[in-house]
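Quick note: numbers below take in every heavy atom, side chains included, and nothing from hydrogens, waters or symmetry partners. Predicted model, so just to flag it, every value in this text is computed and none were measured.
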Amino acid sequence: MSNTQARLPQPMGSPLFERSRELGEASEHTALKARKVSFAWEETPLHWIPGDPFTTHTINVLHLLLPAGERWFVHVYKQVLPYIEDDRLREDVIGFIGQEAMHAQAHDEVLPHLKEQGLDPAPYLAQVDWLFEKLLGDRTLPPGRARKWWLYERVALIAAIEHYTAFLGDWVLNAESLDRKGADPTMLDLLRWHGAEEVEHRSVAFELFLHVDGNYSRRVRTWATAFSALVFLWQRGARFFMANDPTLDDGKASWSEFLAKGRQGMLPTAGAMARSIPRYLARDYHPSREGSTAQAVAYLASSPAALAAEAREKGTAPDQGKPSEKGAA
């Protein structure tokens with residue numbers, strides 16, 4: 001793939017975009033919809049993985065990173081919609097926007113519960129908001145090439161980030177160690193509902209990047225930026241939670257404990273994360289090779305929160321708008 005070809009939009013009919021489309025169809029393409037879930041957190045303990053504050057807080061970082069990041073995704077994608085020349089891709093992007101907005105809302109709703117339990121995330125959230133709103137936000141640029149460059153740069157960043165959200169979604173759908181440890185079922189449903197939707201829409205961000213740009217050097221550059229930022233923010237968030245946990249006298253987060261929890265199946269392993277890097281950087285990469293659409297759809301068909309959302313939408317929920325039982329609304 002030459003850089004000249006990669007910089008051009010990849011409309012329906014181009015070999016690069018059509019190959020991507022073929023791979024997407026092979027992964028059982030599904031129509032994307034936002035599931036308007038709701039969760040009741042009153043019975044969820046501070047350490048929702050019993051006896052394991054480190055894993056609890058390492059995963060809790062999702063509640064801090066994702067809302068700001070996913071609102072940023074939505075903002076950027078609304079700007080790129082006019083550049084989409086393929087009808088099905090446009091439909092997928094609109095479905096993606098709806099799902100990401102719902103993800104942000106669902107994780108946002110965990111934060112008051114954490115604050116009630118003595119963990120006020122405001123100081124860390126301010127740093128995350130600065131990253132997405134200021135550093136990666138809109139810039140005052142002249143119309144034309146400069147403005148389009150910054151838009152495409154952010155589209156590529158989202159594609160790189162989505163590689164890792166799909167990786168994490170696939171991991172949590174298969175993380176049986178969390179069940180064996182007695183993790184809180186409501187929190188597991190939130191994580192697996194979200195993870196399943198990340199797997200379900202895992203191809204959209206990359207296919208959008210290919211469609212509007214596809215430049216390989218940009219893909220490599222933005223991957224490096226996204227990966228470095230995610231590692232930095234995640235370890236910073238875990239340390240913040242451990243240091244501010246009111247039940248811990250000297251809470252600390254360490255790389256050695258992260259590696260140990262990975263070996264126990266409580267967190268993704270360092271080896272699995274390392275192996276994901278060359279896959280994304282391969283010239284023939286496509287997200288359909290990551291995770292299973294069938295597994296994701298199967299979980300979404302059984303998720304208590306997703307089932308309750310569907311019942312409310314159909315008007316068959318027993319008490320619409322209020323949680324009727326733990327893990328459902």
Side-chain angles (χ1 to χ4, degrees), residues 1-7 10 14-29 58-59 61-62 65-66 69 73 96 136 152-175 195-196 198-235 238 255-256 258-296:
M1 179 177 65
S2 72
N3 285 341
T4 301
Q5 289 176 318
R7 280 193 291 269
Q10 304 296 321
S14 74
L16 182 61
F17 188 72
E18 284 304 308
R19 176 58 178 156
S20 174
R21 174 61 48 81
E22 288 169 7
L23 288 166
E25 288 173 347
S27 69
E28 302 176 18
H29 175 270
T58 300
I59 297 176
V61 177
L62 289 169
L65 280 179
L66 293 181
F73 291 0
F96 178 99
L136 297 176
Y152 290 175
E153 197 79 359
R154 292 183 293 172
V155 167
L157 275 169
I158 294 171
I161 295 170
E162 281 290 300
H163 173 64
Y164 288 102
T165 58
F167 169 86
L168 292 171
D170 181 54
W171 174 80
V172 78
L173 285 172
N174 294 285
E198 291 296 335
V199 172
E200 183 185 39
H201 71 220
R202 66 194 182 281
S203 296
V204 176
F206 188 74
E207 290 184 350
L208 177 60
F209 167 64
L210 286 184
H211 182 67
V212 300
D213 181 66
N215 181 272
Y216 182 74
S217 63
R218 172 172 277 153
R219 186 188 348 158
V220 173
R221 182 177 66 252
T222 52
W223 165 81
T225 301
F227 182 77
S228 300
L230 286 172
V231 170
F232 173 77
L233 289 170
W234 211 301
Q235 58 85 25
W255 285 109
S256 60
F258 175 83
L259 295 173
K261 294 298 181 182
R263 290 191 293 270
Q264 296 168 21
M266 300 300 292
L267 292 170
T269 66
M273 289 187 290
R275 289 189 294 273
S276 75
I277 296 171
R279 291 202 302 272
Y280 185 73
L281 298 180
R283 292 270 184 175
D284 64 348
Y285 166 81
H286 192 272
S288 60
R289 302 189 184 106
E290 307 283 330
S292 164
T293 300
Q295 183 185 31

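In terms of heavy-atom proximity, P268 sits nearest to L168 at CG-CD2, 3.9 Å. Between A238 and T58, the closest heavy-atom pair is CB-OG1, 4.1 Å. Listed here is the closest heavy atom pair of L173 and A296: CD1-CA, 4.2 Å. Between M266 and W171, the shortest heavy-atom contact is O-CH2, 3.1 Å. Of all heavy-atom pairs spanning T222 and L157, the tightest one is O-CD2, 3.5 Å. For the pair R218 and A156, the tightest heavy-atom approach, listed with the atom from each and the gap, is CG-CB, 3.7 Å.
Annotation: the span from F227 atom CZ to I277 atom CD1 amounts to 4.0 Å, rounded to 0.5 Å. One distance of note links CD of E198 with CG of L66; it measures 7.5 Å at 0.5 Å rounding. The CH2 atom of W234 lies 12.0 Å from the OH atom of Y164; values are rounded to the nearest 0.5 Å. For the atom pair L230 CG and L65 CG, the distance stands at 7.0 Å (nearest 0.5 Å). Considering CG of N215 and CD of E153, their distance stands at 9.0 Å, rounded to 0.5 Å. Residue I158 holds its CD1 atom at 9.5 Å from CG of L136, rounded to the nearest 0.5 Å.
Residues forming a ring-ring contact (aromatic ring centres under 6.0 Å, His included) with F96 (at least two apart in sequence, or on another chain): Y77, H201.
Geometric assessment of R219 against the ring of F209 yields a negative cation-pi assignment under the 6.0 Å and 45° thresholds.
Within the 3.5 Å criterion, the main-chain N or O of S276 finds a donor-acceptor partner in the side chain of H163. Side chain of T269 to backbone of G265: no donor-acceptor contact under 3.5 angstrom is found.
Taking the six-membered ring for Trp and thresholds of 30 and 60 degrees, Y285 and Y280 have ring planes more than 60 degrees apart, a perpendicular arrangement.
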message: Assess the residue pair V204 and E162 against the criterion (side-chain contact (heavy atoms from CB on, under 4.5 Å)); give the C-alpha distance rounded to whole Å, side-chain angles, the decisive distance to 0.1 Å, and a yes or no.
response: CA-CA 9 Å; V204 176; E162 281 290 300; over 6 Å; no

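Applying the side chain to side chain donor-acceptor pair (under 3.5 Å) test between H286 and each of R279, R202, E207 identifies E207 as the sole match.
Between R283 and Y216, the closest side-chain pair of non-hydrogen atoms falls below 4.5 Å.
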